Every structure is written in structure tokens, then in C-alpha cells.
Amino acid sequence: MRRCKKCNVEILDETAVCPLCKNVLEQTEEPEGIAVGYPDVKKTVKKLNFVVRLYSFLAIVTEIALIIINYVTYQGVWWSAIAGISILYCYITLKYSIQKNAGYRSVIWIQVIGAVLLGIAVDNIVGYRGWSVNYVMPGAILLLDVTIMILMLVNMTNWQSYLLMQICTVLVSSGCLVMWRLEVITRPVLSIIAAAVSACLLLATLIFGDRKAKAELKRRFHV
């Protein structure tokens with residue numbers, strides 16, 4: 001029998017992860033004469049599926065109405081497309097974060113990437129001026145850096161688990177510098193700051209983390 005510390009439930013079958021939170025289960029001994037188990041997950045899944053379907057229905061109806069209004073009152077900007085993209089972003093967040101019961105790291109990445117893509121789409125719809133790549137993209141990287149630092153401080157006992165997220169932010173911020181060299185990014189100040197902050201955070205983690213950081217790198221990349 002296995003137990004999930006986070007949900008405080010006993011799992012009777014042979015699964016290795018909790019059906020509620022997806023955390024790895026711990027092996028426990030079953031006390032004699034005591035029947036244990038976990039809540040009916042199917043009911044929770046059905047409720048979440050209903051919420052997603054309800055949102056999908058309302059979103060489609062709302063977007064159709066907005067398109068009609070935008071068409072009738074058109075003045076050069078398809079603002080209904082912006083509303084539609086925003087609705088889609090909320091749908092992806094709802095479906096991936098809640099219905100799929102994904103880990104919070106994955107949720108953070110999905111939301112940040114979605115927000116950046118939303119910004120780029122809006123920038124193009126209203127007449128491309130470059131603010132999405134000049135400010136939104138590096139701003140999102142800085143937000144990730146701050147989020148990682150907060151998570152590391154909150155979860156001090158397992159801070160090294162955020163090392164992969166730091167490496168990803170360094171790679172993405174390096175991509176912004178490449179975009180600057182390719183003249184896609186025309187105002188690089190925020191991109192340079194984001195790259196510097198990401199690199200410093202990773203360097204500090206590797207230096208002060210010492211053995212734990214090296215062990216995490218070996219576990220992640222088998223080096």
C-alpha cells in the first residue's frame with residue numbers, strides 16, 4: 001500500500017503516483033483490520049470536465065457575438081480577434097492547469113509562454129510596433145527569474161530542483177540577444193538586463209549550491 005503525503009490519502013492499487021496531485025507515493029504498511037482508500041477521483045474529473053465544457057460553450061458563443069459586433073461596427077481594427085486570443089489563452093490555462101492536473105512548474109511555463117504569444121499576436125493585430133518582443137518577452141523572462149527566486153526561498157530544502165528552470169531562462173534570454181543581433185529586437189536594454197539577471201542567478205546557484213547543484217545536474221543530464 002502507498003501513501004501520498006501531500007493529499008494525506010492511502011492508495012490501494014499499484015500506481016506509483018497520486019491520482020490527485022501526481023506526486024510520487026511512499027510505500028507504507030497496511031494496518032490489519034483497517035480499511036483505507038482514497039476519494040473517488042472519477043467524480044472530481046467529471047466536475048472538472050464539466051467546467052471546461054461549460055467554459056468552452058460560453059467562450060464560443062461570446063466570441064461569435066463579438067465577431068458579429070466587430071463586423072457591424074468595424075473601424076479598421078479587428079478587436080474581436082484580440083478577445084478571441086485572450087479567451088483561448090484562458091481556455092488553455094484552464095484545461096492544462098486544472099483538468100490535466102499538471103505540476104506547478106509546467107503550469108508556470110505554459111502561462112508565461114502563452115502570455116508572450118498573446119502579446120505578440122495583439123501587437124500584430126493592432127499594427128506591429130515591436131513592443132511585444134522589445135518589452136513583453138524580456139519582461140516575461142525577468143518575471144520567471146523573480147518567480148524562481150521566490151520558489152527557491154520558499155522551498156529551501158529542495159531548491160536545487162529549480163536548476164533546470166534557471167537553465168531554460170538563460171537559454172531563452174540568450175535567444176533574445178540573438179534576436180537583437182538579427183534586428184528583430186530593436187530596443188535591447190530590457191533583453192540585456194534579463195539575460196544578465198538569468199545568468200547571474202544560474203551562476204550563483206552553481207557556485208553556492210556546490211554539491212547539491214552538481215548532483216542535480218548529474219541527475220538531469222546524466223553527466
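Keep in mind that the numbers below use all heavy atoms, side chains included, and drop hydrogens, waters and symmetry copies. All figures in this text were calculated on a predicted structure; none of them were measured in a lab.
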For the hydrophobic clusters of this structure (ILVMFWY residues joined by side-chain heavy atoms under 4.5 Å, transitively), does one cluster hold both I150 and W109?
yes
Side-chain donor/acceptor pairs under 3.5 Å, residues 170-180, sequence neighbours excluded:
residue : atom : partner : partner atom : Å
S173    : OG   : T169    : O            : 2.9
S173    : OG   : V170    : O            : 2.8
S174    : OG   : V170    : O            : 2.7

A140 versus V116, closest heavy-atom pair with distance:
CB-CG2, 3.6 Å
Taking only residues two or more places apart in sequence or in another chain, which ones pass side-chain hydrogen bond (donor to acceptor under 3.5 Å, both in side chains) with S198?
D145
Spell out, yes or no, whether I108 and M152 are grouped together once hydrophobic residues are joined by side-chain heavy atoms under 4.5 Å, including indirect joins.
yes
How about V197 and V146: do any of their side-chain heavy atoms sit closer than 4.5 Å?
no
Working to the nearest 0.5 Å, report the span between CG of N155 and OG of S161.
5.5 Å
Out of curiosity, L151 CG to M156 CE, how far, rounded to the nearest 0.5 Å?
13.0 Å
Taking the side chain as every heavy atom from C-beta outward, state whether V136 and I120 have any pair of such atoms under 4.5 Å apart.
no
Could you tell me which non-hydrogen atom of Y89 sits nearest to which non-hydrogen atom of A115, and how far apart they are?
CE1-N, 3.5 Å
Quick note, ring pair (Phe, Tyr, Trp, His ring centres under 6.0 Å) partners involving residues 62-86, not counting sequence neighbours, are Y74-W78
Rounded distance [0.5 Å steps], CG in L118 versus OG in S132:
10.5 Å
Return the minimal non-hydrogen interatomic distance between L190 and G139, and the atom names on each side.
CD2-N, 4.0 Å
Output the distance between atom CG (L164) and atom CD1 (I148), rounded to the nearest 0.5 Å.
9.5 Å
Please name all residues satisfying side-chain hydrogen bond (donor to acceptor under 3.5 Å, both in side chains) with E63, sequence neighbours left out, ordered by chain then number.
none
Please determine whether residues F57 and I67 belong to a single hydrophobic cluster, defined as Ile, Leu, Val, Met, Phe, Trp and Tyr linked transitively by side-chain heavy-atom distances below 4.5 Å.
no
When every non-hydrogen atom of I167 is compared with those of L202, the smallest separation belongs to CG1-CD1, 4.0 Å
State yes or no: do Y91 and V51 share one hydrophobic cluster built from I, L, V, M, F, W and Y residues joined by side-chain heavy-atom distances below 4.5 Å, directly or via other members?
yes
Side chains of T147 and V112, heavy atoms from C-beta outward: is any pair under 4.5 Å?
no
Can you name the residues that form a side-chain hydrogen bond (donor to acceptor under 3.5 Å, both in side chains) with S56, not counting sequence neighbours?
none
Non-hydrogen atoms of A194 and L142 that approach each other most closely
CA-CD2, 3.6 Å
Interatomic spacing from CG in N124 to CZ in R129 - rounded to 0.5 Å:
12.5 Å
Joint cluster assignment, M165 & I113, ILVMFWY side-chain distance < 4.5 Å:
yes
Nearest 0.5 Å, please: how far is CG in L206 from CG in L201?
9.5 Å
Which atom pair, heavy atoms only, marks the closest approach of D123 to G130?
OD2-N, 3.1 Å
What ring pair (Phe, Tyr, Trp, His ring centres under 6.0 Å) pairs are there with at least one residue in residues 125-162, not counting sequence neighbours?
none
